[in-house]
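The structure appears right after this line, and notes come after that.
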Amino acid sequence: MGTLYLVATPIGNLEDISARALRILQEVRLIAAEDSRETRKLLERYHIKTPMLSYHDHSPASHLERILATLEKADVALVSEAGTPGLNDPGYKLVNAALHAGHKVSPIPGPSAPIAALVASGLPAHHFLYLGFLPRKSTECLKMLSDVSSLPFTLILLETPQRLLKSLQLILQVLGNRRIAIARELTKLHEEMFRGTVNQAIQHYTAQSPRGEFTLVVEAAPKQPLPRWEQYRLINAIHEGLRLGETARAIASKLAETSGWSKREVYQIITHIKSQQKPK
């Protein structure tokens with residue numbers, strides 16, 4: 001039983017490929033390529049002569065059957081047009097079919113446009129949500145944006161040059177004038193990273209004809225202030241914490257996260273309560 005390798009390939013600069021990825025591409029029996037023209041450039045650059053089969057959204061069923069038949073005897077590598085297979089390409093279908101047939105699936109990590117744009121955006125990268133391409137219909141697009149409008153995650157989207165301005169207008173309409181970073185042609189000769197607000201991005205790309213492939217990184221929803229508890233409710237919670245033997249610091253930290261009162265304010269009230277409880 002062979003292994004299906006998911007091999008990440010360069011998103012622009014052909015030097016951005018790992019030694020392991022090149023070895024796997026050299027050793028497998030077959031390479032399933034989303035765009036054989038782009039993959040051929042990479043293979044020729046590194047003198048790799050492994051047979052290749054096109055595998056994309058419109059491939060006939062016989063191509064999937066041939067890949068699975070090859071996996072019965074040897075290893076196969078899956079590569080996308082660029083970047084990591086399985087993101088916005090038909091790779092997940094092949095992965096599921098291979099797993100269902102009992103084959104091992106192994107990722108060979110490497111370039112990924114969404115992650116590259118995120119880490120260079122200047123926006124928080126510890127929590128993020130990848131949305132891929134926005135729906136083509138405005139109503140569906142507005143719904144998707146509305147569904148994520150209050151989430152505390154940095155948002156990552158892909159867009160074509162023809163739809164960039166329309167999508168920015170919809171983002172402004174639903175998400176507001178948030179900070180945004182827009183990466184164009186990452187790792188390529190004309191690489192560009194725009195950073196500013198959504199309004200500024202609209203002005204920037206209205207003044208020129210957008211070209212290339214775009215990755216949009218949008219700021220998370222602003223934190224909403226917590227509703228402030230009535231003082232009697234806060235005091236009752238403090239008394240409960242003291243009864244359970246919790247320290248003043250622990251009580252102040254816990255209640256500051258839920259009560260709408262600051263840690264300092266809670267701590268001052270705890271100190272006052274404790275002073276009243278001391279024997280005179």
Side-chain angles (χ1 to χ4, degrees), residues 3-26 28 30-46 48 50 52-59 63 67 75-96 98 105-121 123 125 128-134 153-164 167 180-194 210-218:
T3 296
L4 175 65
Y5 289 101
L6 311 180
V7 182
T9 55
I11 57 177
N13 192 317
L14 292 183
E15 294 177 6
D16 294 336
I17 189 165
S18 70
R20 184 183 177 209
L22 290 174
R23 177 177 62 80
I24 293 296
L25 292 175
Q26 182 76 53
V28 295
L30 179 68
I31 298 172
E34 182 185 15
D35 188 332
S36 56
R37 295 166 300 178
E38 291 299 318
T39 302
R40 187 169 288 108
K41 294 176 188 175
L42 177 68
L43 299 184
E44 290 176 352
R45 167 72 177 269
Y46 291 100
I48 296 171
T50 305
M52 185 167 46
L53 175 71
S54 64
Y55 179 72
H56 48 74
D57 281 321
H58 306 292
S59 295
H63 284 206
I67 294 168
D75 297 336
V76 173
L78 172 68
V79 298
S80 65
E81 180 181 349
T84 300
L87 294 176
N88 292 99
D89 64 40
Y92 76 95
K93 296 178 183 177
L94 175 55
V95 169
N96 284 334
V105 175
S106 179
I108 310 297
S112 169
I115 298 301
L118 172 66
V119 297
S121 68
L123 294 170
F128 62 91
L129 179 62
Y130 175 66
L131 298 174
F133 286 96
L134 288 173
F153 309 127
T154 300
L155 305 175
I156 308 176
L157 309 111
L158 304 179
E159 200 47 272
T160 63
Q162 297 83 4
R163 290 173 41 83
L164 177 64
S167 292
I180 189 171
I182 302 177
R184 183 177 77 89
E185 297 289 87
L186 285 175
T187 78
K188 298 180 181 178
L189 181 62
H190 300 292
E191 174 181 297
E192 176 188 72
M193 178 71 83
F194 170 89
R211 293 181 180 179
E213 300 170 351
F214 292 87
T215 305
L216 285 61
V217 185
V218 186

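In this chain, numbering begins with 1 at the start of the sequence shown. Because only heavy atoms are used, hydrogens play no part in the values below, and waters and symmetry mates are left out as well, while side chains stay in.
For the atom pair OG of Ser112 and CD1 of Ile156, the computed distance is 8.0 Å after rounding to the nearest 0.5 Å. Atom OH of Tyr55 and atom CG of Leu94 lie 5.0 Å apart (nearest 0.5 Å). Taking CG from Leu14 and CD from Glu38, the interatomic distance works out to 8.5 Å, rounded to the nearest 0.5 Å. A distance of 5.0 Å separates OG1 in Thr50 from CD in Gln26, rounded to the nearest 0.5 Å. Atom CG of Leu186 is separated from atom CE of Met193 by 5.5 Å, given to the nearest 0.5 angstrom. If you take CG on Leu22 and CD1 on Ile17, they are separated by 4.5 Å, rounding to the nearest 0.5 Å.
With hydrogens and angles disregarded, no donor-acceptor distance shorter than 3.5 Å links the side chain of Glu34 to the backbone of Ser80. Remark: the backbone N or O of Arg211 is paired with a side-chain donor or acceptor of Arg184 at under 3.5 angstrom. Remark: the backbone N or O of Leu164 is not paired with any side-chain donor or acceptor of Ser167 at under 3.5 angstrom. Not a single donor-acceptor pair under 3.5 Å links the side chain of Thr39 to the backbone N or O of Ser36.
Between Leu6 and Leu78 there is a side-chain heavy-atom pair separated by less than 4.5 Å. Residues Tyr130 and Leu158 are in side-chain contact: their nearest non-hydrogen atoms beyond the backbone lie under 4.5 Å apart. Residues Arg163 and Phe214 form no side-chain contact, since every pair of their non-hydrogen atoms from C-beta on lies 4.5 Å or further apart. With contacts defined as side-chain heavy-atom distances shorter than 4.5 Å, the pair Val76/Leu53 does not qualify. Annotation: side chain of Thr160 is in contact with side chain of Phe133 (closest heavy-atom distance under 4.5 Å). Put simply, the side chain of Leu134 reaches to within 4.5 Å of the side chain of Leu157, judged on heavy atoms. Contact check for Leu25 versus Tyr46: no side-chain heavy atoms found under the 4.5 Å cut-off.
With sequence neighbours excluded, the residues satisfying side-chain contact (heavy atoms from CB on, under 4.5 Å) with Lys188 are Glu185, Glu213. For Asn13, the side-chain contact (heavy atoms from CB on, under 4.5 Å) partners two or more places apart in sequence, or in a different chain, are Glu15, Asp16, Thr187.
For the side-chain contact (heavy atoms from CB on, under 4.5 Å) with Thr9, the lone residue among Leu42, Ile108, Thr84 that qualifies is Leu42.
Of all heavy-atom pairs between Ser121 and Leu118, the closest is OG-O, 2.7 Å. Among all heavy-atom pairs drawn from Pro111 and Pro10, the shortest one is CG-CA, 3.9 Å.
Surrounding OH of Tyr92 are at most 12 heavy atoms belonging to other residues, nucleotides or ligands under 6.0 Å away.
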